[in-house]
> 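Okay, here's the structure, questions in a sec.
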Amino acid sequence: NAGVMQNPRHLVRRRGQEARLRCSPMKGHSHVYWYRQLPEEGLKFMVYLQKENIIDESGMPKERFSAEFPKEGPSILRIQQVVRGDSAAYFCASSRGQILPEAFFGQGTRLTVV
Amino acid sequence: AQSVTQLGSHVSVSEGALVLLRCNYSSSVPPYLFWYVQYPNQGLQLLLKYTSAATLVKGINGFEAEFKKSETSFHLTKPSAHMSDAAEYFCAVSGNFGNEKLTFGTGTRLTIIP
């Protein structure tokens with residue numbers, strides 16, 4: 001059973017470009033969470049999705065950031081018009097969504113904006 | 001609202017010595033508590049979790065943590081440090097309703113002195 005798969009592992013974008021980060025949850029998991037880790041900081045919650053639904057996006061910046069988890073395919077975190085401050089590690093976690101969830105994390109995508 | 005405070009952003013211990021990493025939480029509802037370990041350029045791996053069963057929780061790699069409600073603490077310990085324990089450790093809290101997002105502390109970097 002493969003773990004949570006994130007790609008790419010490393011992504012370099014110039015200011016103003018779009019960044020698209022992908023997350024394939026573990027088999028049987030229908031809940032996905034995105035977190036952002038800035039240098040020397042802990043992880044900050046961004047968004048929680050179930051298939052085709054955004055459940056909680058309270059941690060998402062109001063502009064330029066969006067996320068989706070379609071019925072088929074991976075979850076996508078999209079950052080439009082990237083700026084230097086978007087440089088960070090973005091982690092995806094997935095869970096079965098039972099009462100006692102255990103979220104499994106991917107290895108992250110490290111975004112560098114130049 | 002929930003929050004986590006990890007005292008000590010850097011901790012150094014000698015190989016074979018006791019490891020103690022401190023975590024205090026704040027939660028308006030009965031919490032679930034977690035410790036995760038992150039090795040360089042890797043994702044997060046769950047060490048152990050407290051979900052309102054036994055207050056002393058045993059995890060992987062010889063780590064354990066004790067939930068103390070009166071002190072709002074969930075400190076992580078290991079009797080004898082090993083070189084392979086060098087990593088970043090994160091304490092996290094979530095609500096107990098299931099599928100709740102995790103709120104992380106800022107992390108403690110553990111260094112093992114040979």
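All of these numbers come straight from a predicted model, not from anything done at the bench. Proteins get letters first, then strands, A, B, ... in listed order; numbering begins at 1 in each.
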> Starting from B:Phe63, can I reach B:Leu44 by hopping between I/L/V/M/F/W/Y residues whose side chains sit under 4.5 Å apart?
no
> Once rounded to the nearest 0.5 Å, what's the spacing between atom CZ of A:Phe91 and atom CZ of B:Phe104?
9.5 Å
> Can B:Val11 be reached from B:Leu48 by stepping across I, L, V, M, F, W or Y side chains whose heavy atoms are under 4.5 Å apart?
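Yes: a chain of side-chain contacts under 4.5 Å links B:Leu48 to B:Val11.
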> Could you tell me which of B:Leu46, B:Leu102, B:Thr103 has the largest number of non-hydrogen atom pairs under 4.5 Å with chain A?
B:Leu102
> Near B:Arg22 CZ, under 6.0 Å, is it more than 12 heavy atoms from other residues, nucleotides or ligands?
no
> Using 0.5 Å steps for rounding, measure from the NZ atom of A:Lys44 to the NZ atom of B:Lys101.
12.0 Å
> Could you please state which residues from residues 6-15 of chain A sit under 4.5 angstrom from chain B, measuring non-hydrogen atom to non-hydrogen atom, sorted by number, or 'none'?
A:Arg9
> With a sphere of 6.0 Å drawn around NZ of A:Lys51, does it hold more than 12 non-hydrogen atoms of other residues, nucleotides or ligands?
yes
> Between B:Gln38 and chain A, which part of the residue has a heavy atom less than 4.5 Å away: side chain, backbone, both or neither?
side chain
> State yes or no: do A:Val47 and A:Val82 share one hydrophobic cluster built from I, L, V, M, F, W and Y residues joined by side-chain heavy-atom distances below 4.5 Å, directly or via other members?
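Yes, one cluster joins them.
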> Answer yes or no: does atom CE of A:Met5 have more than 12 heavy-atom neighbours from other residues, nucleotides or ligands under 6.0 Å?
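Not buried by this count: 12 neighbours or fewer within 6.0 Å.
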> What part of A:Phe104 gets within 4.5 angstrom of chain B, counting heavy atoms only: side chain, backbone, both, or neither?
neither
> Near A:Gln81 CD, under 6.0 Å, is it more than 12 heavy atoms from other residues, nucleotides or ligands?
no
> Decide whether A:Tyr33 and B:Tyr36 are clustered together by the hydrophobic rule: side chain heavy atoms of Ile, Leu, Val, Met, Phe, Trp, Tyr closer than 4.5 Å, transitively.
yes
